[in-house]
Undergrad: 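I have a structure here, written as C-alpha cells, and I will follow up with some questions on it.
Each ligand, and each atom within it, is numbered from 1 in the order the structure gives. Throughout, numbering of the chain's residues begins at 1 and tracks the sequence.
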Amino acid sequence: MKTFHAASSIALAALVAVGAAASLRAQQPNAAPPALELLPVQGNVYMLAGAGGNITLMTGKEGVLMVDTGLAASAARVTAEIRKLNSGPIRWVINTHVHPDHVGGNEAIAALPADPLQPLRIVAHENVLNRMTTPTAVAQGPDVVRGLPVDEYFTPIKDIHFNGEAIVLYHEAKAHTDGDSVVLFRGSDVVSTGDIFTPDGYPFIDLDNGGSVQGEIAALNHILDLTVPAKTQEGGTYVIPGHGRICDEADVVEFRDMVVIVRDRVRDAINKKMTLEQVKAARLTRDYDPQYVTPTSFVTTDRFVEALYKDLSQAAAAKPAAAPAKPGTGNRAPAPAGKK
Ligand SMILES: [Zn+2]
C-alpha cells in the first residue's frame, strides 16, 4: 500500500505505542505481535494500545464506537478485546486520518455480521476518503473498497449522539495530514487526537499527504481549547494520543511548546539563508532529542527538521513580501502566553 506510506506508518505505530523493543520485533515478520492493552480512560471511554495506532473505544447500551481501527493484521485480536467490553453492535468507526496503522482494521470490522437495522457507519473527513480512493488505491482490489469511510464529512465540525453522549469531530486542516479529525467525547470529557499529538516522539508532519507545521500547531492549540485541567493541573480532560500513553492538558502544552520553539528556530535559520545541511549540522533540536528520539524512532531528528525546513521554505518562497508570522500562531487564534 505504497500510497499510504505503509512501512513508515507501521514503524511509527509500533515504536511509539509499545516501545523500541517492540518496534524491532514488528519489523521482523516472524516475531510475535505486541500484546494489546485495554485501559479505562474516563467515563465511557477506553484506550486499546498495541494494534498499531491507539484505538479509542466508547461503549454503552447502544453498542460500540471506535476511533481508528489499528493495523489490518491486528483486527481479529482487536475485535476480541472489544467483545470483552461490550457484546453489542459496533455502530461507528471514526478514522482520524489515512495512515494504515489507523484505518487498517476497517475492512475486518466492516465484514463482521451486523443487524441491517443497526448498520456500521464509517466516518472520516472527505480528504481521507479521497486519498483512499486514488486510482492506485482502488487498483489494489475490491477488498480495499470494503471498509472505506464512505460516511465522509466536509464541514469543519461534525457531531454524533451515541450512548447518551455528544461526540464532536473537528477537522484540523493541513496538520499531520490534510484529513485529520480530533474527536471530543463531551460527556466523558476525553479528546482523541490521532497522530497530531504523539507525546513520545516528534510529530510526523506528512507533507506528501497534505500536512503542514502551521496546521499542526493550530491543531495542537485547538486541542488545548478543548481540554480543561482539574484544579491540581493533573487530570481533568484526558487526551488519547495517536501513539503513546494516556495524557492530559499539561502534556499537550509541553508538546505544543516544543513544536513552536523548533519551528521558530528552523525559520530563523531559513531567514539567515542557511541550507538544509547547515541546519542539520547546527543541531537545533539537541535539547529535545533525548525526550523525543530513540535509536529506532521513525521520526528521527533529521526527518523532523527536514519536514520543517521544506515546509517553511516553501511558505517563505510563496509569500516573499509578507511580514514574518508571529511565533505561536497558526490557522487559528494565537496561543495565550504561559498556557494554551
Ligand atoms: Zn499517522
Side-chain angles (χ1 to χ4, degrees), residues 1-18 22-23 26-27 47-56 66-74 78 93-106 122-125 127-132 134 137 147-149 169-183 191-213 215-220 223 239-245 247 252 255 259 292-293 296-300 303-304 306-308 311:
M1 311 238 292
K2 287 177 201 137
T3 324
F4 302 160
H5 301 269
S8 57
S9 290
I10 290 166
L12 177 66
L15 168 68
V16 188
V18 290
S23 174
Q27 288 158 20
M47 180 174 106
L48 182 58
N54 286 332
I55 296 172
T56 300
M66 305 175 72
V67 180
D68 290 336
T69 56
L71 291 163
S74 304
V78 166
V93 165
I94 300 166
N95 289 133
T96 60
H97 66 287
V98 70
H99 289 149
D101 51 335
H102 294 261
V103 304
N106 281 25
I122 306 181
V123 185
H125 187 267
N127 290 346
V128 176
L129 180 64
N130 292 343
R131 291 193 181 279
M132 289 177 79
T134 58
L148 284 175
L169 285 65
Y170 298 92
H171 176 231
E172 307 294 345
K174 297 183 177 297
H176 166 61
T177 69
D178 62 7
D180 298 322
S181 291
V182 162
V183 183
V191 178
S192 181
T193 68
D195 284 352
I196 292 165
F197 174 51
T198 52
D200 302 328
Y202 286 132
F204 175 31
I205 297 169
D206 186 353
L207 303 180
D208 292 340
N209 277 314
S212 76
V213 64
E216 167 76 17
I217 291 168
L220 290 166
I223 292 166
V239 180
I240 301 178
H243 300 265
R245 66 187 189 279
C247 291
V252 184
F255 186 83
V259 178
Y292 293 103
V293 185
T296 53
S297 286
F298 166 63
V299 183
T300 59
R303 187 186 287 260
F304 181 45
E306 276 174 32
L308 293 179
D311 187 20

Undergrad: Please work out the angle at the Zn ion (ligand 1) defined by atom OD2 of D195 on one side and atom NE2 of H176 on the other, rounded to 10°.
TA: 100°

Undergrad: Check side-chain hydrogen bond (donor to acceptor under 3.5 Å, both in side chains) between S74 and all other residues, then give those that pass, not counting sequence neighbours.
TA: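 So S74 forms no side-chain hydrogen bond (donor to acceptor under 3.5 Å, both in side chains) with any residue.
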
Undergrad: Relative to the ring of F298, is the ring of F204 parallel (under 30°), tilted (30 to 60°) or perpendicular (over 60°)?
TA: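 Because their plane-to-plane angle is over 60°, the rings of F204 and F298 count as perpendicular.
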
Undergrad: Does H102 put an N, O or S atom under 2.8 Å from the Zn ion (ligand 1)?
TA: no

Undergrad: Only one of H176, H99, H102 forms a ring-ring contact (aromatic ring centres under 6.0 Å, His included) with H243, so which one is it?
TA: H102

Undergrad: Taking the Zn ion (ligand 1) as the reference point, name the nearest N/O/S atom of H99.
TA: ND1

Undergrad: Using salt bridge (charged side-chain N to carboxylate O under 4.0 Å, His left out) as the criterion, list what pairs up with D178, not counting sequence neighbours.
TA: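 Only R131 meet the salt bridge (charged side-chain N to carboxylate O under 4.0 Å, His left out) criterion with D178.
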
